[in-house]
Amino acid sequence: MKHFLKETDFTPQEVAEVFALARKLKAERGQETLDVLKHQTWALIFSKSSTRTRVSFEVGVHELGGNPLFLNKNDIQLGRGESVEDTAKVLSRFVHGLIVRTYEHAEVDRLAASGTIPVINALTDFLHPCQIYTDAFTMAERWAPKGGDMFASLKGRKIAFLGDTACNMANSWILGAALFGMKISLSGPKGFEPGPEIDALLKQEGFEKNYHYTTDAFEAVKDADVVYTDVWVSMGKEEETKQRIALMSPYAVTPELFAAAKADALFMHCLPAHPGEEVSQGVLDNPRSIIFDQAENRLHVQKAIMASLVSEKTCA
Ligand code: CP
Ligand code: NVA
């Protein structure tokens, strides 16, 4: 059984195929013939809020011929203490796939280990792989020549990640950069350096420590092809809001900081954004900001991910 819990759950060759399929699905939207989820129901179990992930998966499952079933964790017995393992076993008797947004990363691993259906990580405190694949696809739309190899177009490019350099997006971009052959420089306050957990995962997946971390935001964005940021207060960290804003304000992506990257650098943000905090409104509105393409592409890329998981199902 194949799952998508972290970036490296697909090989580079498989990622290239996911991108090619996503590009085809995007071009053919409205007259797609791919109905690989026909007669299937995929459950979304969400313990946190979501706009993009929830809607893109619900629409995506529907467009692949399936039925999406949204389950707020608190509406099912999982929220009242039924075990993750029993939940996985029971849901495996009813539905054909699970799309899970939760806090502890171990929860998606346990669901995958206990059930008999594919599990997709729709964000944990540790990783957000659906977002990273979509981001890479969105960059490659600009960098790959028409019909060219999208995956190959990422190699050697530099991403600068600013702000909360210990969050799920930072971790996922560290692993994603290793997988795509990109350079990554991260800049955030002391105390928010990328942690031992991501270092251990890199090692486990066969990569050398690939990232550069600095407290100097201008050093990080030098020669960057992409300037990327995320909220300073991730879901679950609300109690630290005041302290985080104070510490992270030197890492806001202002027009000055963005201008210090390459002249044709792209600005990206997974959204939701907090203009005036991690990014200025002027940067969000810059013609080189591709934030809404990123958001749209969640749909196309996740459809391709689901299609790949389903076609792999028999080769466990
Ligand atoms: N980027 C992202 O995952 O957004 P949502 O929280 O709206 O799903
Ligand atoms: N780091 C953010 C990402 C939101 C898509 C969070 O976890 O809240």
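In each ligand, atom 1 is the first atom listed, and ligand 1 is the first ligand listed. None of the values given here were measured: they were computed from a predicted structure. Only this structure's heavy atoms are used, side chains among them; waters, hydrogens and symmetry mates stay out. All residue numbers refer to positions in the sequence shown, counting from 1.
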Look only at interatomic distance and state if [X] has a nitrogen or oxygen under 3.5 Å from any nitrogen or oxygen of ligand 2.
X      : result
Met235 : yes
His128 : no
Arg101 : no
Lys48  : no

Are Arg54 and Phe70 in a cation-pi contact, defined as NZ or CZ under 6.0 Å from the six-membered ring centre and within 45° of the axis?
yes

Within a distance under 4.0 Å of any heavy atom of [X], pick out the atoms of ligand 2 and give their elements.
X      : answer
Asn168 : 1 (N), 2 (C), 6 (C), 7 (O)
Leu271 : 5 (C)
Leu123 : 3 (C), 4 (C), 5 (C), 7 (O)

Sub-4.0 Å heavy-atom environment of ligand 1, residues by chain
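The answer is Ser50, Thr51, Arg52, Thr53, Arg101, His128, Gln131, Cys270, Leu271, Arg298, counting any residue whose heavy atom sits under 4.0 Å from ligand 1.
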
Transitively linked via ILVMFWY side-chain contacts under 4.5 Å: Met182 with Val221?
no

Answer yes or no: are there more than 12 heavy-atom neighbours, outside Lys48 itself, under 6.0 Å from its atom NZ?
yes

Phe267 and Phe258 aromatic ring geometry - parallel, tilted or perpendicular at 30°/60° bounds
perpendicular

Do [X] and [Y] touch side chain to side chain, with heavy atoms closer than 4.5 Å?
X      : Y      : answer
Arg142 : Arg288 : no
Phe207 : Leu201 : no
Trp232 : Ile245 : yes

For the student: nearest non-hydrogen atoms of Thr138 and Met268, plus distance:
CB-CE, 4.1 Å

Residues 72-79 side chain polar contacts: donor-acceptor under 3.5 Å, at least two apart:
from	atom 1	to	atom 2	distance (Å)
Asn72	OD1	Asn74	N	2.9
Gln77	OE1	Arg80	NH1	2.6

